[in-house]
Every structure is written in C-alpha cells, then in structure tokens.
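For reference, the structure discussed in these notes is given below.
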Number of protein chains: 2
Amino acid sequence: MTGASALLEALRKQGVEVCFANPGTTELDLVRALEEVRGMRCVVGLQENVCTGAADGYGRLAGKPAATLLHLGPGFANGIANLHNARRARTPIVNIIGDHASWHLECDAPLTSDIESLARPVSGWVERIASAQDAADAARAAVRASLADGGQGATLIFPADFQAESVAEDCADAAAEAAAEPEAFDASAAWQRLSRAQKPLFLLGGGGPASGLGRRAQIAAARLCAALGGTAYAETFPARSERGRGLPDFDRLPYFPEPARAALDAADLVVLVGALPPVTYFGYAGHPSRLVPAERLLELAATGQDAASRLEALAELAGAPAFEPAAAPLPEPAPGALTPQSIAAVVARALPENAIVSVEGGTCGYPLYAASAGAAPHSVLTNTGGAIGQGLPVAMGAAIACPERRVVAVLSDGSTQYTIQALWSLAHENLPVTVLIAANHQYAILRNELRRGNAVLGERAAELTALDRPRIDWVGLASSYGVQASRAATSEELAAQLESALRQPGPVLIEMAL
Amino acid sequence: MTGASALLEALRKQGVEVCFANPGTTELDLVRALEEVRGMRCVVGLQENVCTGAADGYGRLAGKPAATLLHLGPGFANGIANLHNARRARTPIVNIIGDHASWHLECDAPLTSDIESLARPVSGWVERIASAQDAADAARAAVRASLADGGQGATLIFPADFQAESVAEDCADAAAEAAAEPEAFDASAAWQRLSRAQKPLFLLGGGGPASGLGRRAQIAAARLCAALGGTAYAETFPARSERGRGLPDFDRLPYFPEPARAALDAADLVVLVGALPPVTYFGYAGHPSRLVPAERLLELAATGQDAASRLEALAELAGAPAFEPAAAPLPEPAPGALTPQSIAAVVARALPENAIVSVEGGTCGYPLYAASAGAAPHSVLTNTGGAIGQGLPVAMGAAIACPERRVVAVLSDGSTQYTIQALWSLAHENLPVTVLIAANHQYAILRNELRRGNAVLGERAAELTALDRPRIDWVGLASSYGVQASRAATSEELAAQLESALRQPGPVLIEMAL
C-alpha cells in the first residue's frame, strides 16, 4: 500500500469517517488511495472555507473529528477563517495538507509557501510527515491531538512523495486509542466556595452533551439557582447549546459591554461551567477587557470537562429541588411585513423536534434566541470566533454528522456571502438543510457599531456598509447552485414556505425580505 | 486628526489612490477617517480574497500599490491565497489590518489570533503600529517596502486604539519618497558570456513596461535571436506580458516537465531576463526540480530591474538587425459547438486594441495564447502563484487601474468559484469587464494530472473532480449578482455575444458551454 493509503486507513481505524475535500495536484495520491479505502465519505467543497467550516459543524455534533483535505499553503489559507472559529469552538478536526515532494521544496516553486506559519495560529498541533512509513503513526497522533485539550485542530503536512511511496500493508493496523482517564473533581471544595456566595452567577459554556449547555447541566444549573438564589447565563456564542421546551430559559450573556457588566456586576461569584472567563468582544474605551476580576471567578469545569456531572454533584450537595420546567410561551408572529421579531416567532414555531439550528448574524440571532425557549427541543450552533462565513458550512457539516435530524440555518446576508459556494455542496449531497437568509442588504452590525453613542453614520461609512447596489437576488443565486428557493416578504409567506421547506428531502433556501 | 486619518493621508501623499476594503469593527476608525480623506477610492469586496486579488491586478497595471483594508487575522486569512499569487507576481500591495485595541489583546478575545504568523508567508515586510504618532511614518515605510525588491506585499497591523487617538495635524505631511538610484549594469561582461554561446535561450519574465515581457524587451530579444541564432520563451505564468500584432510570437515555456526540458536542454546558455531560474511546477519523479543547472544560467536582469534597456544594449553590441514583425495569422474559429480552440480563435479576433486579458485555468489558457499572436495588441495577466481564484479579482483590479481600457477575463469554471463574489463588485462599480467562463463542469487540470502516463481515472477520483451534479447555472449566478449574462454553445453565438458584450459600459458574463 502507499503512504497515502496507510494514512487514510489509519484515520479510518481511529474513527474518522468523513473527509471534506478540495484537493489539488499535491494530494492526488490521497485521491487515488480513496479508491481502496472503505468507509471514508468524501464531500467536495468548491472553496476551502466550506470544507473547514463543514468539519467544524460535523465535529460539534459528532464529538469526533472529520478530516479536511486541502491543497498546500494557499488552499489551506482559504480555510483558515473557519478553522479559527473551530478553534474557539474547541472542535476536533484533522487537517491533511498535501505539500510538494520533499525534494522539490527547496527550489521554491510557485505554490511553495511556509505552511507551518499559516497553520500554527489555528492548530493546537502541527506535524510534517517525514516518510511514508510515518504516515499511519502520524494519522493516529493527529486524531489523538484533535481530541486533546477539549478539542482542537490537528494539522498534518504530507509531502507528495511520501504519499506515493510504498509501505508495509500492516502499518495502519494499530487499534483505536484507549479512552482518556476519568477526571478528578473535588466537589466539596467547590461547594464550600459556592455556598458562601450571596449571589452566584453560573456562566454556562457550550459543547457536547456533558457541557455547560447540554441538557443535564442546564437542568442542574436551574436547580442550583433555585436553591441558592443565583442566576445563570449562556455564554454569548456557544459552540453548541440545547434549547427549547423542557429546559430552563437562560439569557445569553449580552454582547455589548454595558449590559454584560450590568449582569455580571450583580454577582459576587461567577462560576465558570465550561466557559472561559468573560471578556468584552472588542476593546471598548472606558470598559475593562476582563469583565470579572479573578477573585470573583470559580472555574468549576474547563471546556471539554464533564460540566454536567459536576453541577449535578453540587446540586445534590445543595439539596436543590427537582427542576420544574416553566411553560415558555411561543410568541405569535406579527402579521404582514417581516421584522427580525416576526421571523424569530415564525421560525420558533416551525422548528421540528430535535432540529439543529445554525445561527449567524446579529439581525435574527438575538430575536430567535429570545423566541425559541418554547420551541421544540433543538440544538443551536453559533459563530464562536467571529470570522463570518461559518453559518452555512457549519449547517452542512452538522447535516452530515446527523443524517436523521433536520438542520435550519438562520443567516445574515452579509455573512453568508463569504462561503456562498456551500450551496452547491448542499445540493450535491442533497442535505436536508433549510437556509433562511435575512436579506437587509447591509452590514448591519457595522452600522450598529458606527452609531454607538448616537453617532451619525457618515456618507462613506454608509457606502462601505451597503450591499444594495445591486441587491443580490438570493433566489436566483440559490437556484443557480441547484438549491430550490423562494422569497418571503410577510410572516404568512414565511410560515407557509418554511413549512413546505421542512418537508423536502433536500436543501431549500428562503430569502427573507427585510 | 486621528491616527487613522494620519495613516490614510500619508498613504495618499505617497500616491496610494485605491483601497480594496472589507472592514469590520476593528477598522471602524479607518472607515470614519475616510469621510475626510480626499482622493482615496474605496472598493468593497464581499470576501477578502476579492480585495487582495483586485489589489494584485491593480498593482500589476498601475506599477504602484493599492491598499487593502482587512479585518484582523481571520479577515486577512481569507485574502492570503491571492496575496500568495501577488507575491509571485512581485506586485506592490499595502495591506492594512485592523487589530484589537493594544490593551485588549492579552485577554484573548474571540477574534484574537497571531496575525504576524499569518502575514509573514505572503509579506516581504510586516509592521505593527505601536502608537497613533507612528501611523504616518509606518504608512510611508509600507509604501516604500511595497516597492522594494521588485515589488512585494507590505503589511501593517493597526490596533484600534491607535486608529482612534489624536495626533498632530502635520504628521502626515512628509513629501513622497525620492526615486530609487539608477541600476548599475555591466553590458560588456554579459555580452562576453552571451557571445560565446552557440544556442542561447532567452527566458523572458513578465511585469511592468521595462520587464522581459514588455514591448521593448520582446523586440530586443527577437533582434538578439536573429543575430545569434537563439530562441526566446516567455515564462510559463507571467504577471503581465504584452502580446499581439507587431510583437514577436514567442512560445511560453511548457508547463509539464518533458516538453519544458526538451526546450531548455537544446540551449547551451539560458539567459534570465527578469525571470527566475526555471523549476518544474510540481515535483515529478524522474525529473529534476531545477530544469537548468546553474552553470548554464546567466541572470541578465532580476525581477523588477530594467530588462528592456539591458537587452537593447546587448542587441546593439551584437549589431542585431532591426525587428521586422512577421504577419501573424489570426486562426479562423471552427463553426458549431465550442471547443477550447474555437473559443481561443473567437476571442483573439474580438479583442479590442489595448485590451487587458486576465487568464486563469488550463482549458482555454494555452489555446488562447497560441491564437493571440495576431490579435490586436493587448496585455495578458496570468495566475503567477497557482492559488486558483485570482482571475476574476485580478480583472477587477486591472479595470480600476486602467479605466480607459477594456478588460476580458478568460476563466475556467472551477477556478472562478473560489472568488465568485467578485461579480458583485464588478456590478457595483460598473466596470467594463467581459467575463468568459469555460464551463466544462470539472476540475480538468486534476483529471489531466491523474491521467498522466495513460493512467485510468478511478471512480472516486472522477467524483472528486466532477462539478456536474448539479451543473452551476452561470447565467443565473451572474444575473443574481447584477451582472448581465448569456450562454453560448457555438462559435457563432460566442462571436455575436462577445461583440455585443464589448460594447457595454459595464460587466457582462458569457457562459461558454463545453
């Protein structure tokens, strides 16, 4: 077998089942090797940020890495932005980057670049494969690294000559890695500190089922709040959170510093439950970057640790009552022309049980969060790192991870343009993803920032944040990529179109006119 | 004035007139400063690789830098691939990257990343602005750096707090930099070596008017070939070359190693005229990476040096005859269904005088080169670094640099998807760019590589290189971005549609069915 086959077989044996690929000439032996490797689904993206964003969405749901297959430094660079988001989401991903033949590198051919320098900022682990014989070991090390430290990017650089060279048939045969050691947790020490707090605040971080925003942790947090007179917030941009009927209705920690400080300053202890210490998103003059001083923080669980069991242990120590879900009303959409609020109400009502909702963009993100407490239980994926253009690829990857679940992507028009090519992959794979585009034809978040403190929007600032000359025809755009599409201007139209879209086996896009 | 205004004013005073922008929150003081700065045209791209590719096209034609305005590490990362191409083209570009406020960086907010690590592989010069007072000096240094070493990327990282702080009004006032010293050139030493060669081969590198593929150098090379019995080739992927009637018809150095070696091995001296020593594009087993040993190379002019004057001096020393252009026939397009050859013939006939032709993709690139020797004089821009997705943005930037010239982009469908969002900017700016898409619905270059040596294309390899399920509707896609579009299936249709497109004031796209 070739080094390329050994690598793919080893990945397969470590449980990697999906590869989001945009290969080039230096990855052709990996492409050839796929003819032989069984059980590795390959999904083509027409631009690399589609591949990396899809790997992020996949990893958030599957809890294990997908691979990406990318073409040297420039191809990898195209995928960096969504790897940045994945890093913030602690998503396990194994990137495979083909490189020139090892003996060709020194001559600085056109596609040569410093791949390591590009890879390190978004990879917890980077390795260059040094021989064909190394490939299988490197694959195993990459999967292990991707799952370390709560989840991270692991990047393998694979020179073309080592892909092609022959290795022994059995070198990919090592068994899957043993599971990690159980975590040590001193519940009584945590309880001592917590029980002394007058107004504790639980900041819940997102992730897998045992994260602070999984079902169990949310319920335990609600019990603790009831027992201790505390409050709880979801972190502002969770990788994944559970939401809807039967769960407590926690607010998200606000984005802008003034309301975030108002929430946090009221607490004498901020308990980090798989969340990072809260910082402002950008630096705002007059506000500290770190919103809570270290002495008021208690780290109950780091990202990737079993936050649910820790909260449950504390709830027992507190003698907390059982959780009684409150009846969360579903808001009624105002009839007529769409607004962010009416969109949110329509979507919250239409969400099918166990849906996955990928949200990107401020226009509908906050209203939808507010409206969805009474919706059918669902999982929410948000933009964790602020590199826009992740909502559509993440939805695509989530659909591949969970073929039995419906995916709804609620996206802003400005953000979605960055990785618009994902529409083609949705059509190509016929994925059950419903894409809702809030089409306000502007970079609204920038206008909001420019207008902070009642500032007037300047003429050129308005120009640089306008997307309305020409207005993008989202229905035409989606249709051109083979995705069925329609336009809704009113709540009634949106409700009808959404109901129909959710019954289709494949992707549908609805342009929501704002 | 603010640090942001000082930077923009200083750039303006150094001759920077255009900024390709996709700003975010950390660049808002630069956006605010634009209200005051006169003479800086801002062009919005919906994805950053559009901005950097456009800056590449602009710089290749203008011979001076445009600025890009990009949003922290992830926004910059989206533009790296086309900066890689620009680095290989030796294009001067000044990148301005906003970053978090300097005091906010240490708290590792969601959008924080190692910008320097991302920037260095595509920047000859990287500087982080350390105070508002430094901004104007840094801008001057960046412009100077961008023009150094034959042209390169100069990247400025500008923390948001220093953009906002006030500085003295006069700090942007320094005059433009003095011109570079004239180059020293020892013509008689070069002539001694050249005159001893039996079969010299001139390898002409592209770039500005005085480059090896400017008019003067091509004519001088033809005179030397006539006098010395030599041959001349254009480098395979020039940043810019002049082509058409009245110029010698040199071949491009072939892409694959076998024919490239056949051409080069016939020469006992390879004279580098603004070209790098030839290397194979990828490493091919059985072929050396460096196609010509050092002892058979003579570097007459480095990239960015005045190759034209040096060749002219040698032609005088050789007593070379005047150049007599041969009558280059224009091929007749075969009627009926389009082929790469008939497309090339139609385009070569239709090119208006002084057009700029941006070429990307193998399908039509080579046939068009062959057909265009007898076309009206025009400038050709090619993909210098192999990061695909540059043809459309480069065309856009060239149109902004040269508003009096028509631009024709001859592109492959696979490549064009990477930066498809450029269509919106073409419409927004109403640029006279005619976009021709060779729609064969596959990654043909990869299939060609996979089939080398009569190999059979595997089933999964075919899948991973197919773009035909679904076929992208290019007419619908362009229309959705506000670009007028049509489809041509025959030579006759293409000729008629192209003639009409070239009379439109704004952009037109023609899908060429293959």
Side-chain angles (χ1 to χ4, degrees), chain A residues 21 23 25-26 28 31-32 34-35 42 44 46-47 73-74 77-78 80-81 84 88 100-101 103-104 107 109-111 113-114 117-118 120-121 160-161 279 281-283 289-290 384-387 417-418 420-421 424 427-428 449-450 458 460-461 464 469-470 472-473 476-477 479-482, chain B residues 21 23 25-26 28 31-32 34-35 42 44 46-47 73-74 77-78 80-81 84 88 100-101 103-104 107 109-111 113-114 117-118 120-121 160-161 279 281-283 289-290 384-387 417-418 421 424 427-428 446 449-450 458 460-461 464 469-470 472-473 476-477 479-482:
Chain A
T25 300
T26 47
L28 290 185
V31 170
R32 289 186 189 100
L34 283 166
E35 305 294 335
C42 272
V44 175
L46 301 188
Q47 200 265 7
N78 279 336
I80 287 175
H84 172 88
R88 296 294 179 182
H100 283 304
W103 44 266
H104 189 60
C107 79
L111 272 162
S113 66
D114 184 347
S117 188
L118 296 171
R120 277 192 206 102
D161 49 340
V279 300
Y281 203 84
F282 293 107
S289 295
R290 297 183 183 275
T384 47
Q417 276 301 318
Y418 289 75
I420 189 64
Q421 305 90 341
W424 183 83
H428 183 65
E449 293 267 6
L450 284 160
R460 297 195 73 187
L464 280 169
R469 285 183 306 124
I472 291 170
D473 169 3
L477 193 55
S479 308
S480 306
Y481 281 116
Chain B
T25 299
T26 46
L28 290 184
V31 170
R32 290 185 189 99
L34 283 166
E35 305 293 336
C42 272
V44 176
L46 300 188
Q47 200 265 7
N78 278 335
I80 287 175
H84 172 87
R88 296 295 180 182
H100 283 306
W103 44 266
H104 190 60
C107 77
L111 272 162
S113 67
D114 184 347
S117 188
L118 296 172
R120 276 191 207 103
D161 51 338
V279 300
Y281 203 85
F282 293 107
S289 295
R290 297 183 183 276
T384 47
Q417 276 301 318
Y418 290 74
Q421 305 91 341
W424 183 83
H428 183 65
L446 295 185
E449 293 265 8
L450 284 159
R460 297 195 72 188
L464 281 168
R469 285 182 307 125
I472 292 170
D473 169 4
L477 193 55
S479 308
S480 306
Y481 282 116

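Note that this is a predicted model, so its numbers are computed, not measured. Residue numbers begin at 1 in each chain, while the letters A, B, ... track the order of the sequences.
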Check the pair Val31(A) / Leu446(B) against side-chain contact (heavy atoms from CB on, under 4.5 Å), numbers first and verdict last. CA-CA 10 Å; Val31(A) 170; Leu446(B) 295 185; over 6 Å; no

Using non-hydrogen atoms only, which part of Arg290(B) is less than 4.5 Å away from chain A: side chain, backbone, both, or neither? side chain

With a 4.5 angstrom heavy-atom cut-off, could you sort out which part of His428(B) is near chain A: side chain, backbone, both or neither?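 It is both, since atoms from each part get that close.
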
Is His100(A) in contact with chain B via its backbone, its side chain, both, or neither, using a 4.5 Å heavy-atom distance?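 Side chain only.
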
Taking side chain as everything from C-beta outward and backbone as N, CA, C, O, which of these in Ala21(A) sits under 4.5 Å from a heavy atom of chain B? Side chain, backbone, both or neither. side chain

Looking only at heavy atoms, what is the nearest atom pair of [X] and [Y], with distance?
X	Y	result
Gly283(A)	His104(B)	N-CD2, 3.3 Å
His84(A)	Leu111(B)	NE2-CA, 3.8 Å
Gln47(B)	Gln47(A)	NE2-NE2, 3.7 Å

Verify, without hydrogens or angle tests, whether [X] (side chain) and [Y] (backbone) share a donor-acceptor contact under 3.5 angstrom.
X	Y	value
Gln417(B)	Gln421(A)	no
Arg88(B)	Ala109(A)	yes
Ser480(B)	Ile472(A)	no

4.5 Å side-chain heavy-atom contact, [X] and [Y]:
X	Y	value
Pro470(A)	Trp424(B)	yes
Tyr481(B)	Ile420(A)	yes
Leu477(B)	Leu477(A)	yes

How long is the span from the CG atom in Leu464(A) to the CZ atom in Arg32(B), to the nearest 0.5 Å? 12.5 Å

I need the residue from [options] with the largest number of non-hydrogen atom pairs under 4.5 Å to chain A.
options	value
Ala101(B), Ser479(B), Ala81(B)	Ala81(B)
Ala461(B), Cys107(B), Gly476(B), Gly482(B)	Cys107(B)
Leu450(B), Asn78(B), Val44(B)	Leu450(B)

Option that, when pairs with chain B are counted at under 4.5 Å, heavy atom only, ranks first among Asp114(A), Ile80(A), Leu28(A): Leu28(A)

